[in-house]
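Right, one structure below, let's go through it.
Here is how names work: the chains are called A, B, and so on, in the same order as the sequence lines, proteins then strands, and each is numbered from 1.
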2 protein chains.
Amino acid sequence: MKLTANKIAGILREQGYKLTPQRHAVLKVMAATHDQLTPEAIYERARAARPDIGLVTVYRTLDLLAKLDLVCRIHAPDGCHGYMMRRPVDHHHHLVCSGCRTVVDFAECSLSELEEKVSRETSFDITGHLLELYGLCPECRTTAVD
Amino acid sequence: MKLTANKIAGILREQGYKLTPQRHAVLKVMAATHDQLTPEAIYERARAARPDIGLVTVYRTLDLLAKLDLVCRIHAPDGCHGYMMRRPVDHHHHLVCSGCRTVVDFAECSLSELEEKVSRETSFDITGHLLELYGLCPECRTTAVD
DNA sequence: GCGTAATTGAAAATAATTATCAATTATCTC
DNA sequence: GAGATAATTGATAATTATTTTCAATTACGC
């Protein structure tokens with residue numbers, strides 16, 4: 001089940017948030033791409049639909065969406081300022097191409113065992129994890145070989 | 001085998017970098033703590049030993065050390081601006097306490113299988129991963145219950 | 001000790017994000 | 001549909017984090 005801009009709009013309402021055209025513009029941008037985008041890039045694109053939107057509002061909307069778990073932050077070894085739509089609603093992780101920055105999701109997550117073990121060893125109460133894989137996508141791999 | 005400030009100093013030389021007192025001050029700071037530190041915090045501490053060190057140099061030294069894989073960046077859901085000594089030289093991951101930000105290492109890493117599987121499914125050439133666990137350490141857990 | 005290239009600190013520049021606040025507006029109630 | 005109201009907005013300023021520039025300094029091989 002894919003999260004469309006409209007579905008998210010509904011979720012926003014349910015949660016008591018107003019559905020402003022600005023928010024909708026950001027939602028459309030997020031839903032329209034499969035790549036991670038920086039706040040700045042989202043701003044640029046949202047302005048196409050709504051030239052009067054402010055960068056600040058983009059930040060605020062992203063914060064809101066992230067709080068509601070509708071978009072997620074993408075981390076990378078050199079920083080972590082990308083956002084993207086949380087496409088599968090369920091738990092998943094990202095595989096990021098070091099070449100073209102394409103992000104692929106994978107649901108595979110065999111960490112429960114690991115978490116239990118680490119939890120036993122450290123007496124931590126483990127509440128979550130961040131897992132991302134890095135590599136080269138088929139295309140970039142080909143290019144790299146040339 | 002623990003990485004001490006002196007050992008790292010040796011590594012720096014081997015690689016052709018000069019061993020300045022400023023770099024040594026940063027190394028000592030990093031070696032002296034088990035926690036993650038922000039560049040700012042590292043700067044403050046380094047100044048104790050070398051009051052004339054500049055924040056810029058701290059940034060530069062951290063970049064250098066990170067490039068040589070001697071310290072590592074710590075990511076967190078809300079940002080990623082911490083650095084800490086790469087204590088076990090070998091592959092390992094971090095368990096970060098959401099309460100006090102303490103970082104514990106764990107070497108446990110059962111991701112090879114996962115990586116292979118994802119690699120097969122996506123045709124990516126997987127070169128690395130980022131895995132961090134979050135939770136509450138025993139102390140913070142107690143506090144939280146109160 | 002000397003020469004040289006790397007390194008440094010200060011200051012300015014840039015980038016990224018957040019706070020302030022008056023004006024606007026989505027939605028609820030009638 | 002109009003009106004009330006609290007949330008939301010954009011502009012601006014403020015903050016914070018990081019990088020660049022550049023002349024002065026310094027570690028280290030000789």
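- The Pro39(A) side chain lies nearest to dT17(C) when the options are dT7(C), dT8(D), dT17(C).
- Across all strands, Arg13(B) comes closer than 4.0 Å only to sugar-phosphate atoms, never to a base (heavy-atom distances).
- When rounded to the nearest whole Å, the span between OH of Tyr43(B) and P of dT16(D) equals 16 Å.
- Comparing Val56(B) and Gly54(A) against DNA chain D, the residue whose closest nucleotide sits nearer the 5' end is Gly54(A).
- Looking only at side-chain heavy atoms (C-beta outward), Phe124(B) and Val118(B) stay at 4.5 Å or farther from each other.
- In this structure, Arg47(B) satisfies the cation-pi test against Tyr43(B), with its NZ or CZ atom closer than 6.0 Å to the six-membered ring centre and inside 45 degrees of the ring normal.
- As a whole-Å value, the separation of Ile42(B) CD1 from dT18(D) C1' is 14 Å.
- Following rounding to the nearest Å, Ile53(B) (CD1) and dT26(D) (C1') show an atom-to-atom distance of 15 Å.
- The two atoms that bring Leu62(A) and Val71(A) nearest to each other are O-CG2, 4.1 Å, heavy atoms only.
- A straight line from CD of Gln15(B) to C1' of dC28(D) spans 17 Å, rounded to a whole angstrom.
- Atom P of nucleotide dT17(C) and atom CG of Leu64(A) are separated by 17 Å, given to the nearest angstrom.
- Atom CZ of Arg23(A) is separated from atom C1' of dT24(C) by 14 Å (rounded to the nearest Å).
- Counting all heavy atoms, side chain and backbone alike, Ser123(B) lies closest to Pro138(A) at O-CG, 3.4 Å.
- Glu40(A) has its CD atom 15 Å from the P atom of dT14(C), to the nearest Å.
- For Lys18(B), counting side-chain heavy atoms from C-beta on, the closest listed nucleotide (dA26(C), dT18(C), dT26(D)) is dT26(D).
- Rounding to whole angstrom units, NZ of residue Lys67(B) and P of dT19(D) are separated by 13 Å.
- Note on Thr20(A): every side-chain N or O is 4.0 Å or more away from OP1 and OP2 of dA26(C).
- Here the side chain of Arg13(A) pairs no donor or acceptor atom with the backbone of Lys18(A) at under 3.5 angstrom.
- Distances were taken from every side-chain heavy atom of Gln22(A) (C-beta onward) to each of dT18(D), dT17(C), dT9(D); the shortest belongs to dT9(D).
- Contact annotation: Arg60(A) does not reach the phosphate of dT8(D) (side-chain N/O to OP1 or OP2, under 4.0 Å).
- Side-chain proximity of Leu55(A) to the nucleotides dT17(C), dT27(C), dT19(D) is greatest for dT17(C).
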